[in-house]
Structure formats: C-alpha cells, structure tokens
**Q** 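Next up is a structure, given as structure tokens.
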Amino acid sequence: PAVFFAHTRAMAKYGDAEYWQDRYRRDPEPFDWYQKWSALREYLQPYLKPAHKMLMVGCGNSRMTEDMYDDGYKRIHNVDISSVCIRAMQEKYSKRPELTWEVLDCTDMSSIVHEAYDVVVDKGTLDAVLCGESSNSKSERMLAEITRVLKPGGVFIMITYGQPDSRLPYVDKPEYGWTVENFSVAKPSIGTVLPEEKDFPNMHYIYVCSKK
C-alpha cells in the first residue's frame, strides 16, 4: 500500500498546472513524451493532409510540431496551460509564422470557435489530466471541447500509455460522435518513457477518433 500511495502522489503532479510552470522554468530543454514524430509518422500520416488545420493540445516543448512542420504540416495551432512554455516556444519558432501558440486550458477552449480544426492531436495531455484532482469531470470537459472544435469528418488523435480497457471508456462515448480505432507501438528503448510507466506493458497506444 505504501508503494501504491507513493506512486499515486508521484503521478498526481502531472495534473497540477503549477508543476508545469515550475518544470519549464527549471528545464527548458525540449522533451518528447512517449514517442517522437519519426516513430508515429507511419501511423498518423494516413489521417493527415498538409492543408489540414491542426490543433496540438498540451503541446509542451516537444519537437513534434517542428518535425511535422518539416514534413509539410505547417498549419498547427499549439496550446498549453503553461505560459512559461508558450512564451519560450513563441520565441523559438518566431521565424515559422504558420505555427501559432496560445496559453490555453484544454478543458475550456472557449476562445476557439466551433468546428475550427480538421485534426486535434494529444500526446500525453489526457494522461496528465487524469492524474490530477477532479480527473473524471476534467477529462469529460476536455474531450467535449475537442469534439466541439473538430470539424465533421475530422479526427482526434491521442497518444497515451493507457491500454484500451482503460482509455476506450473515456473516448468511445456516443455523445462525442466518434468512430474509434486504436493501434499499439513499442516504447522507445531510451529517453521518453516516464519513470512511473515502468510497471506498464512495453507499449504505447494510439487512438484515432473520427468525428461522424
């Protein structure tokens, strides 16, 4: 039990907005959670077109947006709850004007109009929300906001350590109007795996939710 509660406390920090502010102040180096674009490309490209307007929720200081940009996906709006992170990314990518950045809580994206995006991408953000307080209500608000800002025929792509039995109950709900597919991809051998993941299966999971 003591190990379980220590593990729970360690995970809980990921649901705390102040944790992310402090983290990006202390460690401004780029970090890609779970998987890099190079490992995800073959799974995601069938759903993406260069003309698509894309929203990256919980973008952090990952290089994924940069790598997608270099592959021709230039219309990406990146949002994160951390103002420290967004300021740094705005400065870093100031010469790539198609990439836009906004401080935004993904559970309340009221600054974004309905049906604005062809694609929404989440790499680890729902996982972080699920670590925090009021996780069920916050996750529902986040997913409701994502389907609101998605165009009909658009796709929500989620990359997570959560296995289907733990994530499908969140995303495969009739009120979202999504058809859900899922894939698995082997965890990288070094660098992007959370210490808290060591007891999870040696896979990450991709959920592709197509809006009807």
Side-chain angles (χ1 to χ4, degrees), residues 4-37 40 54-65 76-89 101-109 112 119-147 149 156-171 176 182 185 187-188 191-201 203-209:
F4 172 80
F5 287 118
H7 172 87
T8 302
R9 284 196 300 272
M11 293 289 281
K13 64 188 179 185
Y14 297 122
D16 179 3
E18 278 305 309
Y19 165 78
W20 295 107
Q21 290 283 72
D22 292 340
R23 179 190 174 103
Y24 291 123
R25 287 190 193 101
R26 286 184 285 104
D27 186 7
E29 290 301 308
F31 186 81
D32 264 295
W33 295 90
Y34 306 155
Q35 300 282 340
K36 296 182 178 180
W37 169 245
L40 296 169
M54 302 185 196
L55 176 67
M56 188 79 67
V57 295
C59 62
N61 60 7
S62 163
R63 284 200 172 99
M64 183 153 162
T65 290
I76 306 176
H77 185 54
N78 301 270
V79 304
D80 198 278
I81 200 168
S82 168
S83 58
V84 174
C85 172
I86 290 296
R87 281 196 301 270
M89 297 298 271
W101 309 88
E102 182 180 1
V103 179
L104 198 64
D105 181 342
C106 63
T107 67
D108 179 8
M109 298 190 288
I112 299 176
V119 178
V120 178
V121 179
D122 162 25
K123 187 153 68 81
T125 302
L126 181 66
D127 294 344
V129 168
L130 290 174
C131 290
E133 294 180 1
S134 306
S135 59
N136 283 335
S137 61
K138 286 183 178 179
S139 65
E140 288 176 357
R141 293 203 304 273
M142 172 183 169
L143 295 170
E145 281 289 84
I146 287 171
T147 196
V149 303
F156 167 46
I157 298 170
M158 179 175 71
I159 299 98
T160 170
Y161 67 81
Q163 300 173 70
D165 61 353
S166 69
R167 289 298 180 267
L168 286 175
Y170 288 100
V171 298
Y176 300 142
N182 65 85
V185 56
K187 288 179 181 177
T192 58
V193 178
L194 293 175
E196 291 83 358
E197 285 186 76
K198 62 185 183 298
D199 297 324
F200 289 94
M203 305 295 290
H204 289 130
Y205 300 88
I206 302 168
Y207 298 82
V208 179
C209 308

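Hydrogens, waters and symmetry mates play no part in the numbers below; they use all other heavy atoms, side chains included.
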**Q** If I take atom CD1 from residue I112 and atom CD1 from residue I146, how far apart are they, to the nearest 0.5 angstrom?
**A**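 With rounding to 0.5 Å, CD1 (I112) is 10.0 Å from CD1 (I146).
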**Q** Are W101 and C59 close enough that some pair of their side-chain heavy atoms sits under 4.5 Å apart?
**A**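 A side-chain contact under 4.5 Å exists here.
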**Q** Under the side-chain contact (heavy atoms from CB on, under 4.5 Å) test, which residues partner V103, sequence neighbours left out?
**A**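 Only S83, I86 meet the side-chain contact (heavy atoms from CB on, under 4.5 Å) criterion with V103.
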**Q** Which residue, K123, K187, H204, forms the side chain to side chain donor-acceptor pair (under 3.5 Å) with Q35?
**A**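 Single side chain to side chain donor-acceptor pair (under 3.5 Å) partner of Q35 among K123, K187, H204: H204.
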**Q** Is the backbone of A144 close enough, under 3.5 Å, to the side chain of T147 for a donor and an acceptor to pair up by distance?
**A**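 The answer is no, because no donor-acceptor pair under 3.5 Å joins these two groups.
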**Q** Can you give me the closest heavy-atom contact between C106 and T125, atom names plus distance?
**A**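 Heavy atoms only, the tightest pair is SG-CG2, 3.8 Å.
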**Q** What distance do L130 atom CG and T160 atom OG1 have between them, rounded to the nearest 0.5 Å?
**A**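 It is 8.0 Å, given to the nearest 0.5 Å.
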**Q** Starting at CZ of R63, measure out to CG of D32 and round the result to the nearest 0.5 Å.
**A**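 These two atoms lie 8.0 Å from each other.
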**Q** Measure the spacing between NZ of K138 and CD of E133 and express it to the nearest 0.5 Å.
**A**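 Result: 6.5 Å between the selected atoms.
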**Q** Judged by atom type as modelled, is there a donor-acceptor pair below 3.5 Å linking the side chain of E145 to the main-chain atoms of M109?
**A**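 Such a contact is found between E145 side chain and M109 backbone.
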**Q** Going by the angle between their ring planes, with limits at 30° and 60°, are F31 and W33 parallel, tilted or perpendicular?
**A**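 Perpendicular.
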**Q** So, taking the atom named NE2 in H77 and the one named CG in L104, what distance separates them when rounded to the nearest 0.5 Å?
**A**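 With rounding to 0.5 Å, NE2 (H77) is 6.5 Å from CG (L104).
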**Q** So Y34 and Y161, would you call those rings parallel, tilted or perpendicular, with 30° and 60° as cut-offs?
**A**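 The rings of Y34 and Y161 stand perpendicular, inter-plane angle above 60°.
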**Q** Is the backbone of G124 close enough, under 3.5 Å, to the side chain of D122 for a donor and an acceptor to pair up by distance?
**A**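 Here the side-chain-to-backbone pair exists.
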**Q** Determine, step by step, whether L40 and M64 satisfy the side chain to side chain contact (heavy atoms under 4.5 Å, CB included) criterion, reporting the C-alpha distance in whole Å, the side-chain angles of both residues, the deciding distance to 0.1 Å, and the verdict.
**A** CA-CA 10 Å; L40 296 169; M64 183 153 162; 4.0 Å; yes
**Q** Would you say the side-chain atoms of N61 pair up with the backbone N or O of C85, donor to acceptor, closer than 3.5 Å?
**A**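 Not at all, since once roles are kept as given, no pair shorter than 3.5 Å links the two residues.
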**Q** So, taking the atom named CE in M158 and the one named CG in D127, what distance separates them when rounded to the nearest 0.5 Å?
**A**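 Here the rounded value is 7.0 Å.
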**Q** Show the nearest heavy-atom pair for residues M142 and L126, with the distance to one decimal.
**A**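 Scanning both residues completely, I find the closest heavy atoms to be CE-N, 3.7 Å.
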**Q** I159 vs V121, test: side chain to side chain contact (heavy atoms under 4.5 Å, CB included). Steps then yes/no.
**A** CA-CA 8 Å; I159 299 98; V121 179; 4.2 Å; yes
**Q** How would you list, by chain and number, every residue that makes a side-chain hydrogen bond (donor to acceptor under 3.5 Å, both in side chains) with S135, sequence neighbours excluded?
**A**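 Testing S135 for side-chain hydrogen bond (donor to acceptor under 3.5 Å, both in side chains), a comparison that skips the adjacent residues, returns none.
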**Q** Please report the shortest heavy-atom distance between P164 and Y207, naming the atom on each side.
**A**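 So the two residues come closest at N-OH, 2.9 Å.
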**Q** Please name the pair of heavy atoms, one in M56 and one in I76, separated by the smallest distance, quoted to 0.1 Å.
**A**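 Reported closest heavy-atom pair: CB-CG2, 4.2 Å.
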**Q** Could you tell me whether the side chains of D80 and S82 share a donor-acceptor contact shorter than 3.5 Å?
**A**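 Not at all, the side chains of D80 and S82 share no donor-acceptor pair under 3.5 Å.
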**Q** Please report the shortest heavy-atom distance between S139 and N136, naming the atom on each side.
**A**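 Taking every non-hydrogen atom into account, OG-O, 2.9 Å.
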